[in-house]
Amino acid sequence: MATRSNQLHIAMFPWFATGHMTPFLHLSNELAKRDHKITFLLPHKAHFQLRHLNHHPSLITFHTITVPHVEGLPLGTETASDIPIFLNHLLAIAMDKTRDQVQQTLTIIKPDFVFYDNAYWMPEIAREIGIKTVCYNVVSASSLAIALVPARKVNDSITEEELRVPPEGYPSSKVVLSGNEAKALSFISLPFGEGNITFYDRIVMAMKGSDAIGIRTTRELEGNFCDYIASQYEKQVLLTGPVLSLDDSAFEEKLEPYWADWLDGFERASVVFCAFGSQINLEKAQFQEILLGFELSGLPFIVALKAPIGCETVEEALPQGFEERVKGRGKVSRGWVQQPLMLKHSSVGCFVNHCGFGSMWESLMSDKQIVLVPHLADQVLNTKLLVGELEVAVEVERGETDGWISKESLSKAIRLVMDEGSEVGVRVKINHAKWKENGGTSVLINAYIDKFLQNLQHFSN
Ligand SMILES: C[C@@H]1O[C@H](OP(=O)(O)OP(=O)(O)OC[C@H]2O[C@@H](n3ccc(=O)[nH]c3=O)[C@H](O)[C@@H]2O)[C@H](O)[C@H](O)[C@H]1O
């Protein structure tokens with residue numbers, strides 16, 4: 001525990017997206033639990049959305065940042081949840097325009113450290129103020145290693161063929177992007193922020209300029225990738241572990257009765273829960289195919305997906321007669337649900353997700369069977385880690401033509417892990433339990449935070 005003399009004051013400034021702000025807030029909770037002070041800089045809307053995740057309001061202070069309007073963004077846009085993913089590059093311009101606000105705030109509060117991820121200009125302003133910087137990455141070390149290291153050498157004309165070849169010294173032949181998967185990486189060579197800086201240049205500058213690199217992972221899961229990143233950047237890489245605020249008894253959030261009561265009506269481990277994070281907008285046909293896949297599986301289910309492109313609400317996107325046919329067996333949420341609490345309910349037996357890094361950790365730390373439908377490049381790599389390396393999950397097969405899943409392939413993957421006596425189901429269950437025993441206990445997870453803090457205090461002296 002910190003005493004007044006070694007209490008650290010840390011400012012947090014994550015990318016304006018739920019999948020980034022959430023883990024930064026989980027880390028803030030863990031640091032505050034050890035009596036350190038946090039000032040969390042975030043857009044106004046995000047403050048409203050995330051305040052229920054602040055377990056230590058006496059030590060974690062939210063500081064609202066005004067997000068300026070940028071031509072091409074819908075009025076009032078503040079976070080990635082407000083826009084389709086192809087407009088994220090404009091949100092990056094808006095974030096870059098908050099630089100002066102951030103500089104003024106940091107000058108006034110004078111923290112010991114500032115943690116950021118893609119604000120590549122942070123090291124420059126921090127040096128002027130005299131505070132230390134940690135570039136804290138909440139994506140997998142494997143996705144950083146394959147796409148965002150100096151050896152990757154990205155310019156604005158990089159080809160898909162070149163993206164398919166891992167950078168020199170990359171430490172894996174299994175966790176790679178094959179076939180047309182490499183196309184999902186092409187965004188790294190595109191403009192992402194003020195002055196048309198590319199996503200790749202942004203991250204490499206953010207990492208190079210920092211006093212230390214942090215990654216939300218463990219050696220047990222990605223040690224080889226972490227060592228590769230340290231050698232590429234010639235910098236210390238500090239690991240926080242998954243920072244999931246596992247045993248934060250100080251804070252007891254309950255699953256909403258609407259869901260808890262419905263789930264209580266089912267047998268242990270019999271219900272399939274599905275969510276695809278905060279950034280994915282499916283086409284309507286894809287959205288409907290997923291729902292028909294759950295219907296076809298014949299199992300009880302809860303699906304929590306955003307309304308698909310072109311639809312204002314989930315309601316208008318439901319297949320004809322669907323809710324009638326699955327009445328009493330299936331539920332489709334009209335919005336955000338408490339995913340971590342759904343995964344704690346004993347009636348849930350399987351988690352179908354997109355393998356975003358947050359959901360990946362929540363899957364690994366749960367006792368549920370795992371079925372994966374990755375979308376973005378880093379989710380494809382996370383899936384290869386869980387399916388190919390750890391063999392704790394199955395991936396839903398994709399069609400050759402449109403690359404999307406069918407109701408049959410989704411239903412097949414779910415039954416593969418849920419049916420009694422399924423060989424694959426038994427194998428992934430045993431591997432998952434074994435992995436949790438070695439790399440997923442709350443003792444180990446807490447030890448990562450303590451070690452991370454020791455390293456940080458070493459920097460601050
Ligand atoms: C780092 C980057 O974050 C992005 O975030 P995204 O929101 O898509 O997904 P998660 O990382 O799973 O984060 C989503 C977070 O939202 C929570 N949740 C989600 C749905 C819901 O209904 N209720 C919830 O509480 C969930 O528990 C998780 O903590 C992308 O994945 C990207 O691939 C990833 O590398």
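For ligands, and for the atoms within them, numbers begin at 1 and follow the listed sequence. Quick caveat: nothing in here was measured; it's all calculated off a predicted structure. Both backbone and side-chain heavy atoms feed into the values below; hydrogens, waters and symmetry mates do not.
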Just checking His345 against Trp262, ring centres under 6.0 Å apart? no
Identify, by atom number and element, the atoms of ligand 1 in contact range of Pro340, meaning under 4.0 Å from any of its heavy atoms. 25 (O), 27 (O)
Could you tell me whether Asn382 and ligand 1 have an N or O pair separated by under 3.5 Å? no
How are the rings of Phe40 and Phe62 set relative to one another: parallel (under 30°), tilted (30 to 60°) or perpendicular (over 60°)? perpendicular
For Lys368, all residues meeting side chain to side chain donor-acceptor pair (under 3.5 Å), sequence neighbours excluded: none
Pick from Ser278, Gly277, Gly19: the one approaching atom 7 (O) of ligand 1 most closely through a non-hydrogen atom: Ser278
For ligand 1, note which part of Glu362 has a heavy atom under 4.0 Å away: side chain, backbone, both or neither. side chain
Lys208 NZ to Cys135 SG distance, which is reported to the nearest 0.5 Å: 13.0 Å
Could you tell me whether atom 24 (C) of ligand 1 has at least one protein heavy atom nearer than 4.0 Å? yes
Per-atom filter on ligand 1: closer than 4.0 angstrom to a heavy atom of Val139 are 1 (C), 35 (O)
NE2 on His20 to CD on Gln279, rounded to 0.5 Å: 6.0 Å
As an exercise, identify every atom of ligand 1 less than 4.0 angstrom from a heavy atom of Gln279. 4 (C), 5 (O), 8 (O), 30 (C)
Atom 26 (C) of ligand 1 [closest protein heavy-atom partner, distance rounded to 0.1 Å]: Gln339 NE2, 3.2 Å
For Asp378, the ligand 1 atoms whose distance to one of its heavy atoms is below 4.0 Å: 32 (C), 33 (O), 34 (C), 35 (O)
Please check if the distance between the ring centroids of Trp15 and Phe192 is under 6.0 Å. yes
One finds that the ligand 1 atoms under 4.0 Å from a non-hydrogen atom of Val337 are 21 (C), 22 (O), 23 (N), 24 (C), 25 (O)
Enumerate the atoms of ligand 1 whose separation from the nearest heavy atom of Gly356 is less than 4.0 angstrom. 11 (O), 12 (O), 31 (O)
What part of Gln379, side chain, backbone, both or neither, has a heavy atom within less than 4.0 angstrom of ligand 1? side chain
Distance in Å, Thr66 OG1 paired with His44 NE2, rounded so as to fall on 0.5 Å steps: 9.5 Å
Assess the pair Phe115 and Phe13: is the distance between their ring centroids shorter than 6.0 Å? no
Quick one: CD1 on Ile60 to CG on Leu31, what's the gap to the nearest 0.5 Å? 8.0 Å
Quick one: which ligand 1 atoms are inside 4.0 Å of a heavy atom on His354? 6 (P), 8 (O), 9 (O), 12 (O), 31 (O)
Using a plain distance cutoff, I'd like to know if Thr18 has any nitrogen or oxygen under 3.5 Å from a nitrogen or oxygen of ligand 1. no
Short N or O distance, Gln338 and ligand 1, threshold 3.5 Å exclusive: no
Taking the six-membered ring for Trp, is the centroid-to-centroid distance between Phe113 and Tyr116 below 6.0 Å? no
State the atoms of ligand 1, each with its element, that fall below the 4.0 Å cut-off from a heavy-atom position in Val138. 1 (C)
